[in-house]
Amino acid sequence: MSTQPNGLLELHRIERTFKVGRNLIRVLDDVSFSVQAGEVLCLVGESGCGKTTTGKIAAGLLPPTQGEVRYKGQNVWAMPKAAFREYRRAVQIIHQDPYASLNPTQRVVNILTAPLLRHKLVRNRREAVEKALELLQVVDLTPPEDFLNKYPHQLSGGQRQRVSVARALTVQPQFLVADEAVSMLDVSIRVSLLQMLERLREEMHVAYLFITHDLAVAKYFAWDGRIAVMYLGRIVEIGPTPQIIHRPRHPYTQALLSALPEADPKATRTKERIQLRSLDVPSLLNIPPGCPFHPRCPLFQPGLCDTRIPSLAPVDGGVKVACHVVTEGAAQ
Amino acid sequence: MTEQRLDGHLNEEYILQVEDLWVSYQAERGTVKAVCGVSFNLRAGETLAFIGESGCGKTTLGLTFIRLLPATARVERGRIWYSRGTEAVDVLAMHEQELRHFRWRECAMIFQGAQNAFNPVLRIWDQVLDTARAHGETDKKKIRQRMEELFQLVQLEPRRVLRAYPHQLSGGMRQRVLIALGLLLNPSLVILDEPTTALDILTQRSVIDVLRGLKERLQFSLILISHDLSLAAELADRVATMYAGKIVELASVWDIYYRPHHPYTVGLIRAVPTLSGDRGRLISIPGSPPDLINPPTGCPFHPRCPYTTERCQEEEPPLQAVSPTHHVACWHWEKVIAEGGERMLTKAEA
C-alpha cells in the first residue's frame, strides 16, 4: 500500500486492561489518535492516566486488549511476521530512566553495534563500529571515539540519554516514542536534548509520540504539532499545541494549566487558579460513572455528566474535546 | 550589612548566620568538594531558596544545617550560628544532647522523597506519637490537639488520616502529613529539600498553597532546596544560585528572575520553557557540570561561560555586593546586565 490516509501510526479505539490480584483494572479506554510522518504528538497527563501504557502499545511492546494499532494502515497484531518485524524496527522507544535502560555490563560500542548486527543493517563489525561513531556524532557526543569504550556508569545522565537515543536510531526508525525522555535531566541539559530530538525530526523526518507530565515542555517541543491530554485512561482533549496551551477547552486541561507553577514570580503568583471540587484522583479500580472527571469538575451538571461518558467531539480551532458541557455550549 | 562576612557577634535580625562553610566527601577518586565557602544570613520569617542542578551541593548544605551528613562527609571549616532568643549557638559545636533538642524542636528538615519513608505497618497517629516521644513530648492530648490543628492547615481530615496507614494515602497526602509532622514541635526554622518533586501538577499546587498558608500563619523561617525554578518563583523571598558548591548569586526573588547578574543564573532561568507567549527561545548551557574532585581553576563556571576572559580562568571572583540586596560572584556582571545575558543565547544557538 502506498497511500496512508490514516497516518504513519494509528491507535484505533484502544482498550487495555490489567489483572491486579482478583481485580481487572482498565488502564486505557477508547483511546484513538494517529500520527503522520514527521509529526509530533505530545501526550500529557498526571501519573496513572495511562500515558506510558499508551506509549508501550504504540511501540508494540504491549498488545491492546481491544482495538487496533495500525502501522501504515495495517493492523500490527494481525500482520505477517516479516511485516511485524519491520514495524518494530520502524517504531522505537526511549525510556524515562537512562540509568535503568542501558545494560550496565556493556560498553557503548556494544550497545550500539548489537542492533545493527542483529537487524543486518551492516555487513560486518567494522562497518557497525563506523556506523556507531556516526550515530554518536548525530547525538552530539563528540568526539565520538571518546565514548565508544565507556560503560554507562562512566557517563552522566544526559550523556546516557543521548546513548539511548543513538541506540534507538541504529535501526533508522521513522517513529520515536519518547516516554518522559528528558524529565530526569537537569534543566541545562534538558534543552540541548530537546533541541537534538527536534533536529532529528527536521533532518530525518522522524515522527514523535512525546510523553511528558510537563505542559511547558510539551508546549516547547510540540509547538507546531499537537497535544493530547489524558485523564484516567481517556483522551479528554486533543488539538494543535497553541490552542491547547492558550485556549484550553476541557476543564481538566484548564485546571492543569492554571495549577502549573512557572519560573516567573509575578506571573506565577498572580495567575488565576481554577478550583476543583475535589483534590482526590479516583482509583482506577473505581472509575466514576459517566465522565470520569465529574467528581472534581467545576462545570459538573448532575444528571448529565454522571450518567453518560462524553466522547471526543470537534469544536473550533481543530480541537476535539470530551466534555458534555463544553461541546453543548459550542453547539449553541 | 554584608552577606558574606559577619563581624562575629550576634545580629538579632537573623535566625541563621552561616560563615565560610566548607564540606567535603571522601571518595575513592579523591576528595569531593561539595560545599566551598558558603556564607549567608537568614532573616527571621524569611524564605530563602537554594537553586542549582544536581551535584551543586545544595542537599549537602541542608544536611549540614541539621548535622545529618553521612560518615564519609567532613565539615572542614565554618560556623552555623543559630539564634535562640538573645543568644546564638554554633550548630557545628553542639553535642549530642543539645543537637537532639535542636532537631525538630528548633529546626525541622523534610527530605526529598520522604513521603516514601513512613513505616508501612504503623498508622499515621502512631508515627506522630513516636516522633513526639522521641523529642520528649509525652502529653498525648496535647499532641493530638496540635496535630489536628496542623492537619486542618494542610487540608487533611484529621480523623481519617491519623487512623490511616501510609499506603492508604496518596503521595500528595503523605507529603502534607510530613509537612504537618515537621511542624509538630513548632520549629522556628524549616528546611525543605525538593518538597514537590515527584508529585503531580495538581498535588504540587496543593502542597505549594499549603506551604504559603502555613508560612503566613506560623511565621517560621524557611530554607527551600530545589532544582525547580518555578517552585522558588512561587515561594521564595530571596534566592541563592549555587554552582560547584558555591553561592554564585544571592538576591531577592525579583532580581534573580528579572535582573539576573550571573551568567549561570541567566542560563538556568532561560532554560525553562514557560506557558505564556509564543514558543520562545531557550538557552542550553553548553558543556557539562564541573567535576567536584578537580574543580576548574578560577571561576568554576568559566569553562561553560560565554563571558570568560583570562582573568576568569585564573582568579576566582568573590561573592560581592553590587547593591545592598544583590550579591554576585562574577567578574563580568556589568557586561551580563548590559547585554541582558544575550550572549548566553547566542552561544547556545551557534
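Convention: sequence-line order gives letters A, B, ...; per-chain numbering from 1.
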ask   = Between A:Y220 and B:P273, which heavy-atom pair has the shortest distance, and what is it?
value = CB-CB, 4.0 Å
request  = Among B:A232, B:G287, B:A271, single out the residue with the greatest number of heavy-atom pairs under 4.5 Å to chain A.
outcome  = B:A271
inquiry  = At a 4.5 Å cut-off on heavy atoms, which part of A:T268 comes close to chain B: side chain, backbone, both, or neither?
reply    = both
task = Could you check which of B:G277, B:G172, B:G267, B:P289 has the highest count of heavy-atom pairs closer than 4.5 Å to chain A?
result = B:G277
Qualifying residue for salt bridge (charged side-chain N to carboxylate O under 4.0 Å, His left out) with B:E234, from A:R273, A:R269, A:K271 = A:R273
message = Given heavy-atom pairs under 4.5 angstrom as the criterion, report whether the side chain, backbone, both or neither of B:V272 touches chain A.
response = side chain
task = Using a 4.5 Å cut-off on heavy atoms from C-beta on, say whether the side chain of B:Y258 contacts that of A:P265.
result = yes
inquiry  = As an exercise, state the distance from CG of A:D140 to OG of B:S284, rounded to the nearest 0.5 Å.
reply    = 9.0 Å
request  = Let me know if B:E53 has heavy atoms under 4.5 Å from chain A in its side chain, its backbone, both or neither.
outcome  = both
inquiry  = Could you check whether any side-chain heavy atom of B:R205 comes within less than 4.5 Å of a side-chain heavy atom of A:L276, counting everything from C-beta outward?
reply    = no
inquiry  = I need the minimum non-hydrogen distance between B:T274 and A:E262, along with the two atoms involved.
reply    = CB-OE1, 3.5 Å
remark   = Answer key: most heavy-atom pairs under 4.5 Å with chain A among B:I256, B:D209, B:L229, B:L202 is B:L202
query = Considering all heavy atoms of both residues, which atom of B:W254 and which atom of A:K266 are nearest to each other, and what is their separation?
reply = CZ3-N, 3.7 Å
remark   = The reported gap from CZ in B:R279 to OG1 in A:T241 (rounded to nearest 0.5 angstrom) is 10.0 Å
query = Any side-chain heavy-atom pair from B:I208 and A:P261 closer than 4.5 angstrom?
reply = yes
request  = Heavy-atom distances under 4.5 Å only: say whether A:I245 touches chain B with side chain, backbone, both or neither.
outcome  = side chain
task = Check B:I201 against A:A259 and note the closest heavy-atom contact, atom names and distance.
result = CG2-CB, 3.9 Å
task = State whether the number of non-hydrogen atoms from other residues, nucleotides or ligands found under 6.0 Å of B:R163 atom CZ is greater than 12.
result = no
request  = Please examine the side chains of A:V281 and B:D200, heavy atoms only from C-beta on, and report whether any two atoms are closer than 4.5 Å.
outcome  = no
Run the side-chain donor-acceptor check on residues 38-45 of chain A: report pairs under 3.5 Å with partners two or more places apart or on a different chain.
unit_1, atom_1, unit_2, atom_2, d
A:E39, OE1, A:Q36, N, 2.9
A:E39, OE1, A:R226, NH2, 3.4
A:E39, OE2, A:R226, NE, 2.8
A:E39, OE2, A:R226, NH2, 3.3

ask   = What is the distance from atom CG of B:L282 to atom CD of A:Q195, rounded to the nearest 0.5 Å?
value = 7.0 Å
remark   = Under 4.5 Å to a heavy atom of chain A? For B:D278 that would be both
note = In this structure, OG of B:S276 is separated from CG of A:L257 (nearest 0.5 Å) by 11.5 Å
query = Looking at side-chain heavy atoms only, is the closest gap between B:H227 and A:V187 below 4.5 Å?
reply = no
